[in-house]
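A short worksheet on the structure shown next.
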Amino acid sequence: KNQVEQSPQSLIILEGKNCTLQCNYTVSPFSNLRWYKQDTGRGPVSLTIMTFSENTKSNGRYTATLDADTKQSSLHITASQLSDSASYICVVSKNTGTASKLTFGTGTRLQVTL
Amino acid sequence: DAMVIQNPRYQVTQFGKPVTLSCSQTLNHNVMYWYQQKSSQAPKLLFHYYDKDFNNEADTPDNFQSRRPNTSFCFLDIRSPGLGDAAMYLCATSRLGGSEQYFGPGTRLTVT
């Protein structure tokens with residue numbers, strides 16, 4: 001069964017601190033893995049995308065890693081800001097011909113506080 | 001900027017009163033998707049269009065219909081909204097065969 005599991009479910013950190021979010025998946029065949037940030041009441045916004053051959057991808061203060069052998073990914077946020085408070089969703093994609101099929105994790109709810 | 005636009009951002013409808021949500025895109029993508037996302041849950045794919053070819057997910061209720069009159073626009077029609085249909089509805093697009101989906105900001109539907 002295609003699944004994406006994320007941990008922790010929720011996280012509270014102080015502004016300026018770093019944090020790491022985890023994602024495990026069983027989706028096959030694997031096309032790519034993407035981390036999205038979703039603010040409350042808004043649509044998901046892509047942060048990073050990684051294919052099978054990529055181990056690390058950075059986007060500003062966000063760094064994603066992928067281990068295709070163990071089917072694990074992480075998202076590391078450096079020097080957190082209040083605006084980082086959001087849900088972070090790990091999404092694994094597989095191509096089905098004309099359209100892509102996404103399997104979503106249930107997200108990690110991050111709260112950055114003063 | 002090329003983007004996915006959803007209107008309205010917030011929609012209130014009455015129980016049983018048909019409602020239509022709108023999505024438009026300037027990306028010229030072949031594929032458009034509609035998702036339903038309930039609070040604290042992952043988005044759930046309802047259906048997608050590849051050009052005019054409609055593809056329904058097996059567990060999408062008949063209450064949900066969709067129309068795609070042209071490449072740029074796609075509509076989600078809820079024929080008889082129930083209280084359980086209150087959710088965020090997300091529209092997304094992708095290129096033919098492309099795995100990256102671009103999401104709109106969503107329409108939050110309230111059913112009273």
Side-chain angles (χ1 to χ4, degrees), chain A residues 1-10 23 25 27-54 57 59 64 66 86-111, chain B residues 1 3-11 21 23 25 29-58 68 74 86-110:
Chain A
K1 183 179 179 182
N2 292 320
Q3 284 186 315
V4 177
E5 295 181 349
Q6 292 187 242
S7 62
Q9 276 191 319
S10 62
C23 173
Y25 63 92
V27 177
S28 182
F30 173 89
S31 176
N32 60 59
L33 183 147
R34 188 173 283 106
W35 284 92
Y36 283 93
K37 178 185 178 186
Q38 186 173 23
D39 293 311
T40 300
R42 305 292 298 233
V45 175
S46 181
L47 295 174
T48 64
I49 176 173
M50 302 180 73
T51 59
F52 185 87
S53 59
E54 295 177 297
K57 184 74 71 78
N59 177 6
L66 174 65
S87 287
Y88 290 83
I89 307 173
C90 176
V91 182
V92 180
S93 173
K94 62 177 182 178
N95 283 341
T96 60
T98 55
S100 57
K101 185 79 171 180
L102 303 185
T103 303
F104 291 80
T106 52
T108 292
R109 180 78 194 159
L110 175 66
Q111 185 178 349
Chain B
D1 287 341
M3 59 177 62
V4 181
I5 303 161
Q6 290 187 246
N7 286 306
R9 294 293 317 282
Y10 301 92
Q11 176 74 56
L21 308 183
C23 177
Q25 54 128 342
H29 283 168
N30 296 95
V31 192
M32 295 187 77
Y33 309 78
W34 278 105
Y35 290 87
Q36 179 193 65
Q37 186 179 25
K38 296 190 176 180
S39 182
S40 301
Q41 295 183 19
K44 178 180 180 299
L45 181 64
L46 295 174
F47 27 61
H48 75 270
Y49 270 97
Y50 161 49
D51 288 335
K52 285 192 174 291
D53 183 21
F54 178 71
N55 298 271
N56 201 32
E57 292 299 297
R68 189 178 186 189
C74 194
M88 172 76 82
Y89 290 87
L90 297 167
C91 174
T93 73
S94 74
R95 293 185 184 88
L96 171 62
S99 57
E100 176 153 19
Q101 293 186 17
Y102 296 78
F103 285 87
T107 294
R108 178 160 294 283
L109 178 67
T110 300

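First the proteins, then the strands, lettered A, B, ... as listed; each starts at 1.
How far OH of B:Tyr35 is from CG of A:Leu102: 4.0 Å, rounded to the nearest 0.5 Å. The structure places OG1 of A:Thr40 at 9.0 Å from CZ of B:Arg108, a figure rounded to the nearest 0.5 Å. Annotation: the span from B:Glu100 atom CD to A:Ile49 atom CD1 amounts to 4.5 Å, rounded to 0.5 Å. One finds the OG atom of A:Ser46 at 11.0 Å from the CD atom of B:Gln101 (value rounded to the nearest 0.5 Å).
Closest approach of B:Ala42 and A:Gly105 over heavy atoms only: CB-O, 3.5 Å. Minimum heavy-atom separation, B:Leu90 to A:Gly43: CD2-CA, 3.7 Å.
Of all the listed residues (B:Pro43, B:Ser39, B:Ser40), the one sharing the greatest number of non-hydrogen pairs under 4.5 Å with chain A is B:Pro43. The candidate with the highest count of non-hydrogen atom pairs below 4.5 Å against chain B, out of A:Arg42, A:Arg109, A:Gln9, is A:Arg42.
Neither the backbone nor the side chain of B:Gln6 comes within contact range of chain A; no heavy atoms are under 4.5 Å apart.
Crowding of B:Phe54 atom CZ: a count of heavy atoms from other residues, nucleotides or ligands under 6.0 Å exceeding 12.
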